[in-house]
Amino acid sequence: MSDYIAGELPAGTAGEMEAHLAECGGCRRTLEELRAVVAEAEALGPMAPPRDLWAGIAATIQAPLVPPHAQTKVIAFPGQAAAEARAREERTGRLSFSAPQLAAASIVLIAASSLATWLVGPGFGGGPLGFVDAMGSAGAVVAASDEAAPPELADELQALERTLEEARSVLDPNTVRILERNLAVIEQAIADSRLALQQDPENEFLARHLERVYERKLDFLREAARVAEWSD
Amino acid sequence: MAAHFETVDAKRAANGDHAAFERLYRDHVGRVYALCVRMVDEQSAEDLTQEIFIRAWNKLGTFKGDAQFGTWLHRLAVNHVLSRRETQRKREARNAGGELLARVMAPSRRSSGHALDLERAIHLLPERARDVFVLYDVEGYSHDEIAETLGVSVGTSKSQLHRARMLMRKHLD
């Protein structure tokens with residue numbers, strides 16, 4: 001009968017159906033009811049969510065450095081800068097990251113707000129994107145950011161931050177600039193996430209998101225500490 | 001013309017333009033959310049909708065503009081719902097079965113009158129019949145498209161549709 005409604009029955013079969021419907025009141029009623037169901041279903045429209053979901057989406061899509069499909073646009077070393085970095089590395093023996101290393105590092109750079117303190121501390125204030133200017137006092141931002149870190153992660157985060165603070169001088173300045181540029185985006189994403197959560201504190205999605213961000217931050221700090229060891 | 005602007009916005013969003021993506025979200029969130037409510041449930045629909053748009057953002061690089069953005073997004077949404085529902089079903093299978101029944105019996109808060117009955121009746125359908133009913137009668141998919149999406153034959157899609165309609169007729173009686 002649904003094929004008949006859709007007009008998909010072969011002509012002969014459709015004819016037989018119509019002949020039967022002409023004689024059978026029960027089937028006529030069923031057909032009418034099925035057509036009514038179809039008409040009502042087709043009339044169903046969109047539904048507005050009970051609340052605006054954009055804040056949670058925005059917080060998440062702003063957290064990564066860039067959309068994954070465009071990631072290399074941000075993390076790739078400009079050719080000139082890469083050549084200069086390699087030359088500098090050869091001259092000074094200081095640690096520099098290759099483009100693949102930076103690409104790998106970008107995965108864990110997300111939410112590395114404490115590393116931002118490390119990078120934009122004395123000697124790094126006001127990076128190429130005006131990180132400190134944009135964020136206000138870097139220390140204040142990170143302090144506020146740290147307040148939202150899960151308690152079980154806090155001790156290890158602080159220990160790793162101390163390790164990295166001691167090791168920051170071994171990093172190549174070009175590497176620092178790239179990290180700084182990415183971290184400015186990350187820091188903004190953390191701030192946005194926290195703001196969204198403050199505005200919608202019952203949103204479990206946002207809470208889970210912030211927690212995941214801090215877990216990634218911890219992963220990054222661990223990785224960065226290992227890199228610092230290599231440079232000793 | 002609207003489709004043209006959407007394609008432009010999709011390309012802008014693929015290059016990281018959040019404002020363009022927000023416009024696409026505003027235009028399509030109602031349809032995506034409704035799909036989630038009807039194919040899963042109202043309680044899960046908000047999370048699913050957010051996940052779908054985040055997934056869409058991450059996959060914008062694969063949108064070539066051959067189809068309309070809405071069509072592309074809707075396919076992505078259906079596939080995500082099917083995937084997540086499978087995960088949820090496995091989880092619920094480990095728990096008491098009463099929770100799911102209680103949820104699907106819960107009326108939609110925002111519907112009223114006959115629309116409420118229709119929405120509730122959709123949730124009383126067996127899962128496969130509900131999938132086909134929502135995709136064919138509500139969303140306008142063809143049986144070929146449904147067969148491909150759900151991994152069933154066209155004949156199965158047709159039989160499930162008829163089964164769903166007959167059950168809907170009964171539920172709405």
Side-chain angles (χ1 to χ4, degrees), chain A residues 1-6 8-9 27 29-74 185 188-189 192 196 200 202-209 212, chain B residues 13-16 18 21-22 25-26 28-38 42 45-47 49-54 56-62 108-111 114-115 117-119 121-122 133-134 136-140 143 158-159 161-166 168-173:
Chain A
M1 203 170 277
S2 282
D3 285 346
Y4 178 73
I5 292 171
E8 293 179 350
L9 284 181
C27 285
R29 189 172 65 251
T30 298
L31 180 64
E32 289 168 6
E33 290 170 352
L34 287 178
R35 281 177 164 154
V37 168
V38 172
E40 289 174 21
E42 289 175 347
L44 288 176
M47 295 179 183
R51 61 187 180 84
D52 190 356
L53 305 177
W54 176 248
I57 295 166
T60 301
I61 68 174
Q62 289 169 4
L65 302 181
V66 289
H69 45 271
Q71 207 166 47
T72 55
K73 291 179 182 175
V74 171
V185 178
Q188 184 63 55
D192 290 345
D200 189 5
E202 301 301 318
N203 189 321
E204 293 182 6
F205 179 87
L206 288 174
R208 287 201 308 273
H209 169 70
R212 286 195 298 269
Chain B
N15 286 319
H18 293 142
F21 191 61
E22 183 175 0
Y25 162 82
R26 301 283 172 207
H28 293 280
V29 63
R31 189 178 176 202
V32 169
Y33 178 74
L35 177 82
C36 295
V37 169
R38 288 166 188 147
E42 192 169 331
E46 291 182 28
D47 279 354
T49 301
Q50 287 184 315
E51 290 168 7
I52 287 164
F53 278 96
I54 291 165
W57 168 262
N58 289 331
K59 295 179 81 66
L60 273 169
T62 67
S108 170
R109 290 194 301 268
R110 288 177 306 287
S111 300
H114 201 64
D117 295 338
L118 195 66
E119 298 285 5
I122 288 173
F133 181 78
V134 170
Y136 189 95
D137 276 344
V138 181
E139 301 293 344
H143 282 299
K158 287 184 175 182
S159 64
L161 177 65
H162 185 64
R163 180 187 181 206
R165 286 173 173 174
M166 293 295 281
M168 288 291 287
R169 162 179 165 264
K170 185 178 177 182
H171 292 320
L172 293 171
D173 189 19

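- Of the possible donor and acceptor atoms, none in the side chain of Tyr25(B) sits under 3.5 Å from a partner among the backbone N and O of Ala58(A).
- Between atom CD1 of residue Ile54(B) and atom OG1 of residue Thr60(A) there is a gap of 3.5 Å, rounded to the nearest 0.5 Å.
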Next item on the list: For the pair His162(B) and Leu34(A), evaluate side-chain contact (heavy atoms from CB on, under 4.5 Å) and give the outcome as yes or no after the intermediate values.
Entry: CA-CA 9 Å; His162(B) 185 64; Leu34(A) 287 178; 4.0 Å; yes
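- In this view, Tyr136(B) satisfies the side-chain hydrogen bond (donor to acceptor under 3.5 Å, both in side chains) rule with no residue, not counting sequence neighbours.
- When every heavy atom of Val29(B) is checked against every heavy atom of Pro49(A), the shortest pair comes out as CG2-CG, 3.8 Å.
- Nearest approach of His18(B) to Ile61(A), heavy atoms of both residues: CD2-CD1, 3.6 Å.
- Using a 4.5 Å heavy-atom cutoff, the side chains of Glu33(A) and Leu172(B) are not in contact.
- Residues Gly30(B) and Pro46(A) share a closest heavy-atom pair of C-CB, 3.5 Å.
- Closest approach of Trp54(A) and Arg26(B) over heavy atoms only: CB-NH2, 3.6 Å.
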Next item on the list: Step by step, work out the side-chain contact (heavy atoms from CB on, under 4.5 Å) result for Met1(A) and Met166(B).
Entry: CA-CA 10 Å; Met1(A) 203 170 277; Met166(B) 293 295 281; 5.8 Å; no
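- Looking at Leu35(B), there are no atoms closer than 4.5 Å to chain A (heavy atoms on both sides), in backbone or side chain.
- Annotation: side chain of Met47(A) is in contact with side chain of Glu119(B) (closest heavy-atom distance under 4.5 Å).
- Under the 4.5 Å side-chain criterion, counting only non-hydrogen atoms from C-beta, Phe21(B) is in contact with Ile57(A).
- Remark: of the listed residues Arg165(B), Lys158(B), Arg163(B), Arg165(B) is the sole one forming a side chain to side chain donor-acceptor pair (under 3.5 Å) with Ser2(A).
- Rounding to the nearest 0.5 Å gives a distance of 12.5 Å between NZ of Lys170(B) and OG1 of Thr30(A).
- The contact between Ala6(A) and chain B is made entirely by side chain atoms (from C-beta outward), counting heavy-atom distances below 4.5 Å.
- Contacts between Asp3(A) and chain B at a heavy-atom distance below 4.5 Å involve the side chain alone, from C-beta outward.
- In this structure the side chain of Glu46(B) reaches within 4.5 angstrom of the side chain of Pro50(A), judged on heavy atoms.
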